Engineer: 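I'd like to ask you about the structure that follows.
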There are 2 protein chains.
Amino acid sequence: MIQDFWNEKALFVKDSEKISNILPGSALTRIMKDENTHYGVKEIARRANVSIATVDRVIHNRPGVSEKTKKKINDIIIELDYQPNVLASRLASRKIISLAVLIPRVSEETDFWEAPLRGVMRAESEIKKYGIQVLPFFFDLNDKHSFTEQAELILKKEVQGILLAPSFIEESRQLITACQKLKIPVVFIDSNVPEQDNLCYIGPHLFQSGYVGAKLLTYRLKENHKVLVVNISKEKDNYSYLQIEDGFRSYFKDHSQPCEIIRIDIKDTDKLSVTKDLTRVLFEHPDIEAIFVTNSRVFSVASFLENAGRKDISLIGYDFLKENIRFLKEGMIDFLICHKPEEQGFRGLMALYQTLVLGSPVEKVHFMPIDIITKENQAFYQN
Amino acid sequence: MIQDFWNEKALFVKDSEKISNILPGSALTRIMKDENTHYGVKEIARRANVSIATVDRVIHNRPGVSEKTKKKINDIIIELDYQPNVLASRLASRKIISLAVLIPRVSEETDFWEAPLRGVMRAESEIKKYGIQVLPFFFDLNDKHSFTEQAELILKKEVQGILLAPSFIEESRQLITACQKLKIPVVFIDSNVPEQDNLCYIGPHLFQSGYVGAKLLTYRLKENHKVLVVNISKEKDNYSYLQIEDGFRSYFKDHSQPCEIIRIDIKDTDKLSVTKDLTRVLFEHPDIEAIFVTNSRVFSVASFLENAGRKDISLIGYDFLKENIRFLKEGMIDFLICHKPEEQGFRGLMALYQTLVLGSPVEKVHFMPIDIITKENQAFYQN
DNA sequence: ATTGGTTTCGGGTACGTACCCGTAAATATA
DNA sequence: TATATTTACGGGTACGTACCCGAAACCAAT
């Protein structure tokens, strides 16, 4: 079963280009093709006996060119393998492209979304020289209404592309449907919306992430002991969570571990609720040996365990948050799993840039690595 | 002691920009400054009552401008926070910049250097539109002479920057000294040359990498058992190896583990030598419970263990090589540690680009993350 | 043949910077 | 004072593409 999984994944993992035939010998061995002979519109125009303007019309398929010359020019374009000069193109084009970013606001509860935002800003600073403008919009993770509100604002702004964290599935669906009508490409980050058409998804493979979590958890587990899965979230229908737990449980199935898995939902994210619920569970199951928290709120569990003096329990959770790192350094948290949130923001914007400016295709699904962070390697982690 | 280390490292780890004061409220909250008012040389010239050409001369500090006007123009440049338009700049400048890359050839023994080369090529395709040319040179890891040979070729080519894998310390020193005289910036990747001036170093923090290796190794270790450190290398004075082993041993010191550490140097990399030496060591120390291989040749140890039927021994090594991944999947290797070799190649070239084209400063040392790869997360690893 | 309309195309300028070339001004020399 | 030499600066063109504007060329109807 797991074997099938690897094969399936092979489709997603980027094929590393083959660099073979690097000949031995002391002489200089060139790999890259010399592309010194780079033709532009001028050469195309010359060969087709037309003006640059006509070539330009064909390239941007604007009207005003006869079918005959259009074909002739297109043939020459293909023959010369014409690659437009992005520099000159963006320099000459005076219109600016607007991209909207809709992600959760950085709240006091969690600073997780700082990282994707950093990635977005980094991407913006890289591509604003090409005349691209980024408009950030934020919604409240505890308020679905704020999401729809911001979504409407975006649609009014007439942007050319959207980077979206589809935290609320139904509300996201509405926005995406509207974008499809307007032919606006949408990129999802952090979580996916199943069976919804989009430009691409950039984020974790949640099932496998839970699988890795289980592996790490069992690594120092004694046999036949209990494991606790904790889900702290206000959201009811948490699709992401289900995938993670699915992967987590699959690991035990695949390795036929007879380990008992307790689970608990904590609906309120405040400290009191967490303390209350955990106290109860640990009282009912005193032999719990490890805890797996399915999201970034692992710090609240760590805080509880620290106060309760339960340093014997292994703890694994998600995300490179300041508070989590603190507990990781202290040894209260054993492992953090992380999916490169900053990279997600960065790549998300770049995917839109690639589509709208460069016109080159992007991969439909881009899974982030499942990074394992420990006390020892955290200082060098690149979020 | 280890505490000091963290504090020291804090200097290297990039400060994540503070994104605070993101106000609540449903209205659109902008973060980025609107930089619509972007002035160019024309505006500078207008304000200084000079021509564009004069401003240009000041910007590139070419001669032919009086001190007085030079100062006036520089003041205006600072006042307006002038940012040159890289697009226009590279478009107008017809000269191409050549960068040399000197790294080991991809050999049959190891395909490790495929990854940095991929990174280099990726960087090249991103910056060749700015008129930058990359000249790759390769040397043989078993032949110091080939290194000096290629180094001389590079110097003849009159390149403007060099990306270097300083595998041979003394030979690298010679090249670097020559480059200093010629004012050619040099970037090191993968390993550093101590006390040698360079533009920057991009690679692992080897000490800490060994430290992480020890942590992972002890994770499933029973108490009071023996650990074997294996160094497979033809090179005698292996500086990198010493740092890794130093970190590895430090972990045990810091955690006062009474674990006995055996070590062995295997000078010949062929299968027979490895088999012979390992057989002897395992015979002398039958209670060895875990093996730590200090470089990417862990696959040869895995192969030996597989044939010897010793699945009981934990095995940790380095690098995301095809053969290593195979043994990781099979379960013969427990963990691989990896330092993003592709990223190293990419960033190395981009550092040169940043210096030579953008003229912006680069960090002197850029440590790569210490990535932990397991059977479960390997499919999503980005080398 | 003339008019009006449409289709098809070319000239030319602009984007922001680099840099050649020529020249006025400043200074030195006779 | 006249001339040579240096210094300081401006005009103008080019990079490769986008796109406005206008003008042929063609067609159809009067």
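A note on names: the letters A, B, ... follow the listed sequences, proteins ahead of strands, and every chain is numbered from 1. Predicted, not measured: the structure shown is a model, and the values here were computed from it.
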Engineer: Can you build the contact string for nucleotides 6-21 of chain C? Use B for base contact, S for sugar-phosphate-only contact, and - for no protein heavy atom under 4.0 Å.
Structural biologist: --BBBB---BBBBB--
Engineer: Inspect the contact between A:Glu152 and A:Lys156 and indicate whether a charged nitrogen and a carboxylate oxygen are less than 4.0 angstrom apart.
Structural biologist: no
Engineer: How about B:Ser172 and B:Phe147: do any of their side-chain heavy atoms sit closer than 4.5 Å?
Structural biologist: yes
Engineer: Starting from P on D:dG10, measure out to CD1 on B:Ile44 and report it in whole angstrom.
Structural biologist: 14 Å
Engineer: State whether the number of non-hydrogen atoms from other residues, nucleotides or ligands found under 6.0 Å of B:Lys364 atom NZ is greater than 12.
Structural biologist: yes
Engineer: According to ring-ring contact (aromatic ring centres under 6.0 Å, His included), who are the partners of B:Phe346, at least two apart in sequence or on a separate chain?
Structural biologist: none
Engineer: Between the side chain of B:Gln354 and the main-chain N/O of B:Pro361, is any donor-acceptor distance below 3.5 Å?
Structural biologist: yes
Engineer: Find out whether B:Asp197 and B:Ile176 are in side-chain contact, i.e. whether some heavy atom of one side chain is under 4.5 Å from a heavy atom of the other.
Structural biologist: no
Engineer: Considering the terminal five base pairs at each end of the helix from C:dA1-D:dT30 to C:dA30-D:dT1, what angle separates the two local helix axes, rounded to 10°?
Structural biologist: 60°
Engineer: Give the minimum heavy-atom separation between B:Gln344 and B:Ile202, together with the two atoms involved.
Structural biologist: OE1-O, 3.6 Å
Engineer: Are a donor atom and an acceptor atom from the side chains of B:Ser98 and B:Gln133 found within less than 3.5 Å of each other?
Structural biologist: yes
